[in-house]
Amino acid sequence: MVNTKVTSLVSIITFVFIFFVELSESQKLAPALYVFGDSNVDVGNNNKLDISAKTNYLPYGIDFPGATPGRPTNGYNIADFFASETNTLAPALYVFGDSTVDVGNNNNFDTISKANFSPYGIDFDDGATGRPTNGYNMADVIALSLGLNIPPAIRSVDFKSYDCDHGFNYASSSSGILPDTGTNMKGVMSLGEQTDMFNKTVHEFLRPRMKNPTDLKNHLSKSIFFLVTGSNDFTINFLMSKNRTNSDRFNFSKHLVQKYATQLQKLYYLGARKFVVFEVEAMGCSPSAVLKAFPNNPNKCVDDLNNLAKNYNTLLNQILQQLVSNFKGAAVIVGKNYDFTYQMAQNPARFGKLILD
């Protein structure tokens with residue numbers, strides 16, 4: 001019996017490290033702020049000394065309710081403001097996509113596109129959650145690394161009783177960018193339906209919680225929008241039809257990235273500004289593709305499928321550059337999923353272990 005256990009923690013940590021390096025560089029953030037100087041940035045270091053050079057009494061601190069902390073100001077000083085800006089990378093993480101980041105949105109439907117049963121979830125004490133993984137997925141790890149609660153499946157949330165604004169997960173297994181991808185399976189939400197759900201979240205959950213429109217705008221503009229989708233549009237849609245020409249492939253990829261751009265623009269108009277968008281993986285290196293094409297040589301990849309993925313990713317990167325240029329304040333980090341999965345297939349020992357028993 002072959003028991004293949006993919007130890008993906010190293011690969012996830014590697015991505016998280018790269019993710020934060022790029023995010024920090026794009027926003028000039030820092031893990032800590034060390035302050036030195038005089039009264040301009042003093043926050044009370046002289047308070048317990050019997051000297052006149054301290055300000056822990058009125059009228060100093062009148063903007064702090066019930067306290068005079070020792071700042072020679074009405075309220076916060078300039079260093080405090082710098083600290084507040086570097087305090088958190090993002091107030092929330094909003095996740096969209098397919099089974100790569102699904103946390104159980106399809107659980108309550110009579111469909112094969114769900115994973116709320118064993119052996120899924122074997123690393124969780126309570127077992128399967130709906131993630132098609134042993135334990136946490138990539139988006140979960142990112143959320144925890146940001147210091148946020150893990151975004152729950154949006155379909156499991158009752159807005160009337162839920163009390164956390166760290167984000168939600170809208171991902172749906174077997175879904176794609178196009179509305180007709182995965183529609184033969186019950187409960188699957190296309191990317192368009194997921195962004196519709198986010199629109200509902202903004203109006204029915206976030207807007208009532210925020211004190212004013214400015215707070216809502218700040219929350220959305222500082223949050224991270226994490227998208228992993230597109231592969232299913234090829235594997236369970238376009239490639240299901242035979243005799244596709246090179247022209248068909250290019251036109252489909254072009255159509256797909258245009259539809260993707262429409263959904264990203266929709267999120268932008270709702271307030272999103274920071275996007276993490278993943279390329280499609282090396283589809284020709286997936287176990288199912290390799291087994292079908294090379295049953296006796298599992299170390300090969302299907303070049304035809306990989307070329308299709310690379311061409312799509314080229315178009316995707318081009319349109320993402322256009323979005324950044326055309327939409328003020330938008331920032332995009334591209335997840336190099338193709339390179340990552342290709343290297344994983346070519347040199348699996350770098351990323352995990354194959355355990356035979």
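For reference, positions follow the sequence shown, starting with 1.
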Only residue of D233, L191, T229 satisfying side-chain contact (heavy atoms from CB on, under 4.5 Å) with T181 is D233
Is the backbone of [Y] close enough, under 3.5 Å, to the side chain of [X] for a donor and an acceptor to pair up by distance?
X    : Y    : result
N169 : I154 : no
T133 : G135 : yes
S175 : A171 : no
N306 : C301 : no
N134 : G121 : no
R273 : A330 : no
D42  : N45  : yes
K114 : F109 : yes
Q346 : Q343 : no
T55  : G70  : yes

Distance in Å, [X] [atom1] paired with [Y] [atom2], rounded so as to fall on 0.5 Å steps:
X    : Y    : atom1 : atom2 : value
T100 : N137 : OG1   : CG    : 8.5 Å
T195 : L267 : OG1   : CG    : 6.0 Å
L206 : F159 : CG    : CZ    : 7.5 Å
Q263 : E193 : CD    : CD    : 10.0 Å
D98  : S190 : CG    : OG    : 12.5 Å

Hydrogens and angles aside, do [X] and [Y] bring a side-chain donor and acceptor to less than 3.5 Å of each other?
X    : Y    : result
E279 : N317 : yes
H255 : N251 : no
N106 : S172 : yes
R131 : T129 : yes
S113 : S173 : no
Y170 : T201 : yes
N311 : T314 : no

Within 6.0 Å of [atom1] in [X], more than 12 heavy atoms from elsewhere:
X    : atom1 : result
Y342 : OH    : no
D158 : CG    : yes
D38  : CG    : yes
K259 : NZ    : no
N218 : CG    : yes

Row check, F294 ring normal vs K300 NZ/CZ: under 6.0 Å, within 45°: yes
Go through the steps for Q265 and L323 under the test side-chain contact (heavy atoms from CB on, under 4.5 Å), then give the verdict. CA-CA 8 Å; Q265 289 174 35; L323 288 172; 3.8 Å; yes
Decide if the gap between the ring center of [X] and the ring center of [Y] is smaller than 6.0 angstrom.
X    : Y    : value
Y136 : F124 : yes
Y268 : F275 : no
F205 : F168 : yes
F252 : Y312 : no

Kindly indicate, with the supporting measurements, whether the criterion salt bridge (Lys or Arg N to Asp or Glu O under 4.0 Å) is fulfilled by R249 and D304. CA-CA 11 Å; R249 292 172 176 232; D304 188 46; 2.9 Å; yes
Do the ring planes of Y94 and F225 sit parallel (below 30°), tilted (30 to 60°) or perpendicular (above 60°)? parallel
Evaluation steps, salt bridge (Lys or Arg N to Asp or Glu O under 4.0 Å), between D215 and R209: CA-CA 10 Å; D215 287 349; R209 288 176 66 86; over 6 Å; no
With heavy-atom distances below 4.5 Å as the criterion, would you say the side chains of I224 and I333 are in contact? no
